[in-house]
Amino acid sequence: MKNIFKYASLLMAAAMLFSCHGTIDPETQDPEPGPGPGPDPTPENLELKLTSDRNLIQTNVDAATLTVTLGEEVLTEGVTFYDVDFNEMNIPDFKFKASKAGDYVIVASYGTYISESITVKATDLAIPASPVDPQPSNMSFKARVLLTEFTTVGCSACPAMKRILHNLEEDAEMADKIIFTECHSGLVNSVADPCYLHDRAFEDYCAITGFPTVKLDIDYLLKDRNGIRTVIDELVAAKESTVPGIAVNSKFENGNVVAKVTVKAAADASYRVGAFLLEDGIYAKQTNADADWMNTHDNVIRYVDASYKAKYYGYPVADIKAGKTADIMFSWYLDDIWEYGSNKGAINGGIAWPERNDEKLHMVVYVSMSDGQGGYYVANAIDCPINGETPFEYR
């Protein structure tokens, strides 16, 4: 785990890592049960926790198995489930099924205890299987850095950064270490931007105060653009021995995307997963462009699906032992994303999004892992199609 701490220290030079939700110390709990049915109301440090073995199910086919724990005790009776409006839900045998597609918010109650909510998504599409692992015993994965350029077409200073990043992409050795993304999150000099992203919370989380700004692995702020190659090499080297593998099987049908992500651990840790929906080939005149290619914008973030408790390290997957795997799934309704984003773009960016080009869509999936000190860092990322398989990449 030495490299985990080394990598975390490198990130903390630029930004403080955030802590995840605390756990309960069982030694502070009363071991004696209370009288009568239901829990003993005396212990104040117990936490009622609700989890699901699946975050996405197919309607009328799959069931998500719910687990409710009070402290360290798994509860099998006496639990009541509620929806987001606190209407009671009938979930026999702790197995949740859905007859209609949508997002289902579920809360558990036991006596005086109430859990935090979880969300189980239901889709009409069949859930893809995990890609076949060609090397089940191998835990030596390719490491990449997630690079996000915060920019806008009205930014007169951005072409200089675009030139630097373009040169990186032209260098095959460097490009193989990077996953490139563009976040157009502002309106500068009153220039309308059809690449505008409506997710202001993501920009705020990344502490963006001007353009261009480049963040590496979400946390690391690039301060010296001339030293970007050295920084990328250092980040890759710092996490290389513990980097997790990522495999994705995605399905695109009738404007809907369902993606199953499998994380394979090279080190014992807690893991989270986030995803970006990207679009290529968006034409918009770039202020101060010194080459025509700067007017065509690729890897533009259209949707960020990674916020958990106001942090963008992704959604919790599991505590995974080295060599083992765990799955998480994403489901996107593209018509809804485009309608919302286009409306926000018209209001805040001065222009609605252009018509969606399904042939130019792809996705980025990134995995964060615990650093052993209460925080998380982005440990790996991949770029993959919205309709097809992306297997683990081994070194």
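Here the structure is a predicted model, which means the values were calculated and not measured.
With sequence neighbours left out, T123 forms a side-chain hydrogen bond (donor to acceptor under 3.5 Å, both in side chains) with no residue at all. Applying the salt bridge (charged side-chain N to carboxylate O under 4.0 Å, His left out) test to E393 and every residue at least two apart in sequence or in another chain returns R144. F86 pairs by the ring pair (Phe, Tyr, Trp, His ring centres under 6.0 Å) definition with Y82, not counting sequence neighbours. Every residue two or more places apart in sequence or in another chain that forms a side-chain contact (heavy atoms from CB on, under 4.5 Å) with E339 is listed here: N343. Partners of K49 by side-chain hydrogen bond (donor to acceptor under 3.5 Å, both in side chains), not counting sequence neighbours: none found. D319 is linked by a salt bridge (charged side-chain N to carboxylate O under 4.0 Å, His left out) to nothing, counting only residues two or more places apart in sequence or in another chain. Residues meeting the salt bridge (charged side-chain N to carboxylate O under 4.0 Å, His left out) test with K344, sequence neighbours left out: none. Remark: C183 pairs with no residue by the disulfide (SG to SG under 2.5 Å) rule, at least two apart or across chains. Residues passing the side-chain contact (heavy atoms from CB on, under 4.5 Å) test with P354, sequence neighbours excluded: P194, I282, R302.
Contact of the I351 side chain with the Y196 side chain is not registered, since no non-hydrogen atoms from C-beta on lie closer than 4.5 Å.
W293 belongs to a hydrophobic cluster whose other members, connected by ILVMFWY side-chain contacts under 4.5 Å either directly or through intermediates, are M294. Connectivity analysis of hydrophobic side chains (ILVMFWY, heavy atoms under 4.5 Å, direct or indirect) links V191 to V153. Taking Ile, Leu, Val, Met, Phe, Trp and Tyr as members and joining any whose side-chain heavy atoms lie under 4.5 Å apart, directly or through other members, the hydrophobic cluster of V105 also contains V84.
The ring of F96 has its center closer than 6.0 angstrom to the ring center of Y104.
Crowding of D176 atom CG: a count of heavy atoms from other residues, nucleotides or ligands under 6.0 Å exceeding 12. Counting heavy-atom neighbours within 6.0 Å of N254 CG, excluding the residue itself, gives a total of 12 or less.
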